[in-house]
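For reference, the structure is listed below as structure tokens.
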Amino acid sequence: MVRFLRPLCRGTTYTRLLHLWVPMLVVSVWALIDDTKLWVPAVVLIPVGVIPAVRTGEGVQARLLLTPGHEDSGFSVAPSATWRDRLRTVAWLELRMVLGALTTGACVWLPILTVELVRLALGHRIDDIPLLRDAAPHWAYALLALLPVLALYGAVVGLGVLATAGARALLGPSPTERLAALEERTEQLLERTRIARELHDSIGHALTVAVVQAGAARAANSPEFTDRALTAIEETGRAALEDLERVLGVLREAERPVSARPTLMDADRLLESARVSGAKVDAEVAGPVENLPGPVSREGYRILQEALTNVLRHAGAVPALVHIGVAPDALTLEVRNPLPDGRAAPGRGSGLRGIRERAALLGGRAHTGPDDAGGWQVRVELPLG
């Protein structure tokens with residue numbers, strides 16, 4: 001019994017009822033003008049529903065009254081972009097008026113019928129209702145008085161549910177809007193992934209350099225070397241703070257230009273940082289790096305940064321060969337380093353996965369793994385077309 005009456009305790013039931021009553025206000029005004037042509041408002045709704053902005057208004061009303069408190073209500077609030085959307089809006093307006101008429105009639109006549117049945121049970125004759133005009137007074141009509149109450153309950157609850165289902169079908173997003181929402185969601189996920197990679201690459205590189213420099217300075221026990229190590233840690237930390245501030249600016253939706261991100265033109269900073277950390281880096285640059293497209297140059301910088309970070313983290317102060325080749329149709333990045341005895345290969349961490357993801361986003365290829373000489377190789381090819 002409690003479960004049966006639960007819908008009467010929900011505010012949604014009454015907001016839906018209000019939503020269905022709103023069109024009846026227009027009908028009531030028209031009835032004062034001409035009560036013999038109540039079909040006129042239904043005809044007027046046809047050109048009204050064709051107006052693109054009407055769909056927005058109906059979607060907002062449906063969200064507020066049919067599904068209050070639900071963020072994902074399934075109703076579109078965008079203007080009608082196609083004739084299909086306009087016709088769906090017209091169909092919804094007509095359906096809303098029909099359901100509103102049924103709800104209004106139920107809320108007016110069913111309570112009256114209940115009262116008249118009670119009066120009939122008490123011995124009064126009914127002359128106003130044709131259905132009960134010839135009925136003789138009898139106490140048994142008191143039992144029938146419950147039927148209009150149950151019908152009213154079903155009308156209020158059931159028609160509200162039906163209106164919500166109809167609104168979702170007719171005011172729901174069109175295939176074009178669903179595709180646009182999916183693309184927007186995909187862009188958001190890609191942006192989050194990119195930010196995660198940015199943080200991993202920049203902060204991970206800075207921390208790796210700091211750890212390697214601090215350990216080497218303590219082992220060397222040389223004031224001169226310690227001074228160089230502290231200088232390298234300071235410069236690397238300052239660059240990492242700049243990267244962190246830029247990424248946090250993206251999270252705060254600050255309007256910062258993408259061009260502020262480092263490119264392969266700044267590769268000397270990475271190479272010098274690795275050299276100061278103890279790695280013997282031999283770099284070769286072939287081709288005009290300054291002519292690279294912005295996205296390729298920026299992603300190439302991050303790939304090189306992660307590759308050098310892996311050298312310092314997993315191999316330590318070992319010789320590393322870096323090749324940056326710019327051809328007319330592709331950029332080639334290659335980092336090779338030996339693996340000292342007892343050192344494990346980098347494996348399949350998030351850094352190598354980030355390199356492969358960056359390459360794939362630009363339509364390129366990435367190979368990470370042992371080379372023929374028993375060392376480790378990171379080779380990436382990014383198309384320039």
Side-chain angles (χ1 to χ4, degrees), residues 12-68 75-117 119-120 125-135 147-172 174:
T12 304
T13 301
Y14 303 101
T15 59
R16 290 174 177 175
L17 183 63
L18 177 62
H19 184 266
L20 293 176
W21 276 349
V22 170
M24 294 301 101
L25 298 177
V26 179
V27 177
S28 299
V29 173
W30 175 255
L32 297 176
I33 301 174
D34 188 352
D35 58 357
T36 63
K37 298 179 180 179
L38 296 180
W39 48 267
V40 172
V43 175
V44 173
L45 287 179
I46 296 177
V48 170
V50 175
I51 301 174
V54 171
R55 186 164 179 260
T56 300
E58 291 297 319
V60 172
Q61 289 184 62
R63 285 189 176 186
L64 294 176
L65 298 177
L66 294 181
T67 56
F75 304 125
S76 173
V77 294
S80 300
T82 63
W83 275 104
R84 184 173 183 271
D85 291 339
R86 294 185 177 96
L87 294 178
R88 292 171 67 203
T89 305
V90 171
W92 161 245
L93 292 176
E94 300 293 347
L95 176 62
R96 183 180 178 185
M97 176 163 286
V98 171
L99 295 178
L102 294 175
T103 304
T104 303
C107 293
V108 171
W109 292 107
L110 290 178
I112 293 176
L113 183 59
T114 298
V115 172
E116 296 300 329
L117 287 173
R119 291 183 62 218
L120 192 60
R125 299 194 67 89
I126 307 300
D127 297 327
D128 299 333
I129 300 180
L131 182 64
L132 302 177
R133 186 173 299 166
D134 298 330
L147 296 180
V149 175
L150 295 177
L152 179 61
Y153 169 85
V156 171
V157 177
L159 292 177
V161 173
L162 183 60
T164 303
R168 284 200 172 102
L170 298 174
L171 295 180
S174 64

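Side chains included, hydrogens not; waters and symmetry mates left out as well; all remaining heavy atoms used.
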Straight-line distance of Thr67 OG1 to His19 NE2, nearest 0.5 Å: 9.5 Å
Donor-acceptor contact below 3.5 Å, side chain Arg88 vs main chain Gly172: yes
Rounded to the nearest 0.5 Å, what separates atom OG1 in Thr89 from atom CG in Leu45? 11.5 Å
Is Leu117 close to Leu147 at the side-chain level, that is, under 4.5 Å between some pair of heavy atoms? no
Take atom CZ in Arg125; do more than 12 heavy atoms of anything else shown fall under 6.0 Å from it? yes
With a 4.5 Å limit on heavy-atom distance, are the side chains of Val161 and Arg16 in contact? yes
Heavy-atom closest contact (Gly59 atom, Leu171 atom, distance): N-CD1, 4.2 Å
Specify the closest pair of heavy atoms between Ala78 and Arg55, including all atoms of both residues, with the distance to one decimal. O-NH1, 3.2 Å
Criterion side-chain contact (heavy atoms from CB on, under 4.5 Å) on Leu159 and Leu102, from CA distance to verdict: CA-CA 8 Å; Leu159 292 177; Leu102 294 175; 4.0 Å; yes
Which atom pairs, one a donor and one an acceptor, fall under 3.5 Å between side chains of residues 21-31 and the rest of the protein, sequence neighbours left out?
residue : atom : partner : partner atom : Å
Ser28   : OG   : Met24   : O            : 2.7
Trp30   : NE1  : Asp34   : O            : 3.4
Trp30   : NE1  : Lys37   : O            : 2.7

Identify the two heavy atoms, one from Thr56 and one from Pro79, that lie closest to each other, and give their separation to 0.1 Å. OG1-N, 3.2 Å
Starting at CE of Met97, measure out to CH2 of Trp92 and round the result to the nearest 0.5 Å. 12.0 Å
Testing the basics here: between Ala106 and Pro111, what is the closest heavy-atom pair and its distance to 0.1 Å? O-CD, 3.4 Å
How long is the straight-line distance from CG of Leu110 back to CG of Leu150, given to the nearest 0.5 Å? 10.5 Å
Heavy atoms only: give me the nearest Gly49-Leu93 pair and the separation to one decimal. CA-CD1, 3.6 Å
Quick one: do Arg96 and Gln61 satisfy side-chain contact (heavy atoms from CB on, under 4.5 Å)? Show the steps, please. CA-CA 12 Å; Arg96 183 180 178 185; Gln61 289 184 62; 3.0 Å; yes
Given 3.5 Å as the limit, does a donor-acceptor pair link the side chain of Arg63 with the main chain of Phe75, or not? yes
Test item: Val50 and Trp83 side chains (from C-beta on) under 4.5 Å apart, heavy atoms: yes
Quick check: do Leu95 and Leu170 have side-chain heavy atoms less than 4.5 Å from each other? yes
So, for Leu152 and Cys107, which heavy atoms are closest and what is the spacing to 0.1 Å? CD1-CA, 3.8 Å
To the nearest 0.5 Å, atom OG of Ser76 lies from atom CG of Asp85 at 7.5 Å
Side chain proximity check, Leu66 to Thr15, heavy atoms < 4.5 angstrom: no
